[in-house]
Amino acid sequence: MNTEKTKIHFTDNYLINPTNPITVNLIGAGGTGSKVLTALMEMNHSLIELGHAGLQVRLWDDDIITSANLGRQRFAECETGLYKSVSLVNRANRFSGTSWKAETQKFEKDKFGRLPENAKSTIYITCVDNVQTRFGVAEILKEISYRRNYSRDEPKYWLDFGNSRHTGQVLLSTIGTIKQPNSEKYETVASLPFVTEEFGDLLKQSEHQDDTPSCSLAEALEKQELFINSSLTQMGCSLLWNLFRNGMTEYRGFFHNLKDYRTHPIKVG
């Protein structure tokens with residue numbers, strides 16, 4: 001008889017019963033980030049309808065909208081020349097009546113090694129297309145974690161989205177250890193490793209891939225399939241939604257292949 005318990009991560013209680021909207025730093029406003037912002041709008045509205053305090057999002061990106069972004073990303077022709085972050089957040093606020101914020105800068109330390117202002121949030125979501133940025137975010141999150149002052153809205157989770165042409169992955173990490181309840185039914189898992197720690201070597205191996213800006217949508221589609229971003233977005237944001245709704249998860253991410261329609265879940269522990 002197999003008596004091995006299922007490994008489960010229980011959501012930090014503050015996400016389920018917050019006193020204020022949960023702060024989210026969304027880093028990257030491109031093909032995936034622009035769609036994640038839309039998913040967060042839906043999530044925020046649904047949480048509020050269920051009596052939750054909702055989300056307060058800050059979108060980080062210093063890129064300007066070009067014609068190559070039209071079609072695959074959430075931008076209109078009249079928005080070319082504007083900051084991606086400002087355009088998306090303004091639209092979200094007009095649509096939903098929220099007061100979300102845009103940062104027209106990269107989420108990185110300055111030349112003196114100082115953290116960006118407003119770097120602290122409860123949830124971090126990265127939708128970036130280069131390896132160096134991921135490692136930079138990981139370094140910032142570790143530093144913020146070391147400076148904990150144990151207020152209720154301390155950093156808790158990092159959800160990372162990444163993709164190549166046909167494939168991608170979404171991985172959930174804890175920022176430090178999340179206190180788990182006692183459970184006779186499950187084996188609880190308090191800490192989920194950073195993507196940069198667990199898959200750091202694979203990330204570094206992918207650095208040789210061409211990530212230079214595309215001059216047209218046709219050129220961009222040679223590098224990424226049209227629906228890989230939206231496919232990852234829906235599944236990845238479902239993982240985040242389940243943290244709020246179910247208060248627990250058996251999974252902390254997945255590998256996804258749109259070419260042959262396979263998805264491989266990654267369990268906690």
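Looking at heavy atoms from C-beta onward, Arg134 lies out of side-chain contact with Phe194 at the 4.5 angstrom threshold. Thr174 is not listed as a side-chain neighbour of Val189, based on a closest heavy-atom distance of 4.5 Å or more. Side chains of Thr233 and Cys127 form no contact here, defined as non-hydrogen atoms less than 4.5 Å apart. Residues Glu250 and Lys267 have side chains in contact (heavy-atom distance under 4.5 Å, counting atoms from C-beta outward). Contact check for Val36 versus Leu26: side-chain heavy atoms found under the 4.5 Å cut-off.
By the rule that hydrophobic residues join a cluster once side-chain heavy atoms approach within less than 4.5 Å of another member, Leu37 and Leu239 end up as members of one cluster. Hydrophobic cluster membership is shared by Leu171 and Leu141, with clusters built from Ile, Leu, Val, Met, Phe, Trp and Tyr side chains linked at under 4.5 angstrom. Side-chain heavy atoms closer than 4.5 Å link hydrophobic residues (I, L, V, M, F, W, Y) into clusters, and following such links, even through other members, never connects Ile16 to Ile48. Cluster annotation: Leu115 and Tyr124 are assigned to the same hydrophobic cluster (Ile/Leu/Val/Met/Phe/Trp/Tyr, side-chain heavy-atom contacts under 4.5 Å, transitive). No path of Ile, Leu, Val, Met, Phe, Trp and Tyr side chains, each step under 4.5 Å between heavy atoms, connects Ile8 with Ile266, placing them in separate hydrophobic clusters.
Residue Arg245 qualifies as open at atom CZ: its count of foreign heavy atoms under 6.0 Å is 12 or below. For NZ of Lys106, the number of neighbouring non-hydrogen atoms (other residues, nucleotides, ligands) closer than 6.0 Å is 12 at most. By the neighbour-count criterion of 12 heavy atoms within 6.0 Å, atom CD of Glu197 is densely surrounded, having more than that number from other residues, nucleotides or ligands.
For Tyr157, the ring-ring contact (aromatic ring centres under 6.0 Å, His included) partners are His9, not counting sequence neighbours. Residues satisfying the ring-ring contact (aromatic ring centres under 6.0 Å, His included) test with Phe10, not counting sequence neighbours, are none. The salt bridge (Lys or Arg N to Asp or Glu O under 4.0 Å) check on Glu108 picks up nothing, with sequence neighbours excluded.
Judged by distance alone, with hydrogens and angles left aside, the side-chain atoms of Thr6 form no donor-acceptor pair with the main-chain N or O of Tyr186 at under 3.5 Å. A donor-acceptor contact shorter than 3.5 Å links the side chain of Asn69 to the backbone of Thr66. Asn242 places a side-chain N or O within 3.5 Å of a backbone atom of Ser238 that can act as its donor or acceptor partner. Thr11 places a side-chain N or O within 3.5 Å of a backbone atom of Leu243 that can act as its donor or acceptor partner. Between the side chain of Ser87 and the backbone N or O of Tyr83 there is no donor-acceptor pair closer than 3.5 Å. Within the 3.5 Å criterion, the main-chain N or O of Lys259 finds a donor-acceptor partner in the side chain of Asn257.
Across every non-hydrogen atom of Ser173 and Val195, the tightest pair is OG-N, 3.6 Å. Looking at every heavy atom in both residues, Ile175 comes nearest to Ser145 through CG2-CB, 3.9 Å. Contact detail for Glu187 and Lys5: the closest heavy-atom pair is N-CB, 3.7 Å. Thr23 and Ser121 get closest at one heavy-atom pair: OG1-CA, 3.3 Å. Ala39 and Cys237 make their closest contact through CB-SG, 3.6 Å (heavy atoms, listed as atom of the first residue, atom of the second, distance). Among all heavy-atom pairs drawn from Phe112 and Asp110, the shortest one is N-OD1, 2.8 Å.
Under the 4.0 Å criterion applied to side-chain N and carboxylate O atoms, Lys84 and Asp61 are not assigned as salt-bridge partners. Ion pairing of Glu154 with Lys120 is present here, as a side-chain N (NZ or NE/NH1/NH2) and a carboxylate O approach within less than 4.0 Å.
Among residue pairs with one or both ends in residues 48-60, those qualifying as side chain to side chain donor-acceptor pair (under 3.5 Å) are Asn25-Trp60, Arg58-Glu103; sequence neighbours excluded. Judged as a ring pair (Phe, Tyr, Trp, His ring centres under 6.0 Å), the pairs with a partner in residues 246-269 (not counting sequence neighbours) are, in order, Phe199-Phe255. Listed by first and then second residue, the salt bridge (charged side-chain N to carboxylate O under 4.0 Å, His left out) pairs involving residues 18-27 amount to none (not counting sequence neighbours).
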Which is it for Leu192 and Trp158 under the side chain to side chain contact (heavy atoms under 4.5 Å, CB included) test, yes or no, and what are the steps along the way?
-> CA-CA 10 Å; Leu192 308 176; Trp158 174 17; over 6 Å; no

Derivation of the side chain to side chain contact (heavy atoms under 4.5 Å, CB included) call for Val170 and Met235 | CA-CA 8 Å; Val170 178; Met235 295 183 67; over 6 Å; no

Test Val137 against Val128 for side chain to side chain contact (heavy atoms under 4.5 Å, CB included), laying out the working first.
-> CA-CA 10 Å; Val137 169; Val128 298; 5.8 Å; no

Could you walk me through whether Phe107 and Thr126 pass the side chain to side chain contact (heavy atoms under 4.5 Å, CB included) test, one step at a time?
-> CA-CA 10 Å; Phe107 187 83; Thr126 43; over 6 Å; no

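Rounding to the nearest 0.5 Å gives a distance of 14.5 Å between NE2 of His45 and CG of Leu40. We find the CD1-CD1 distance between Ile125 and Ile27 to be 9.0 Å, quoted to the nearest 0.5 Å. The line from CD of Glu79 to CD1 of Ile64 is 12.0 Å long, rounded to the nearest 0.5 Å. To the nearest 0.5 Å, the span separating OG1 on Thr196 from CG on Asp160 amounts to 8.5 Å. Distance check, rounded to the nearest 0.5 Å: CD1 of Ile22 to CD1 of Ile123 gives 6.0 Å. From Ile65, atom CD1 reaches atom CZ of Phe75 across 4.5 Å, with rounding to the nearest 0.5 Å.
Looking at Thr104 and Asp62, their side chains never bring a donor and an acceptor atom within 3.5 Å of each other.
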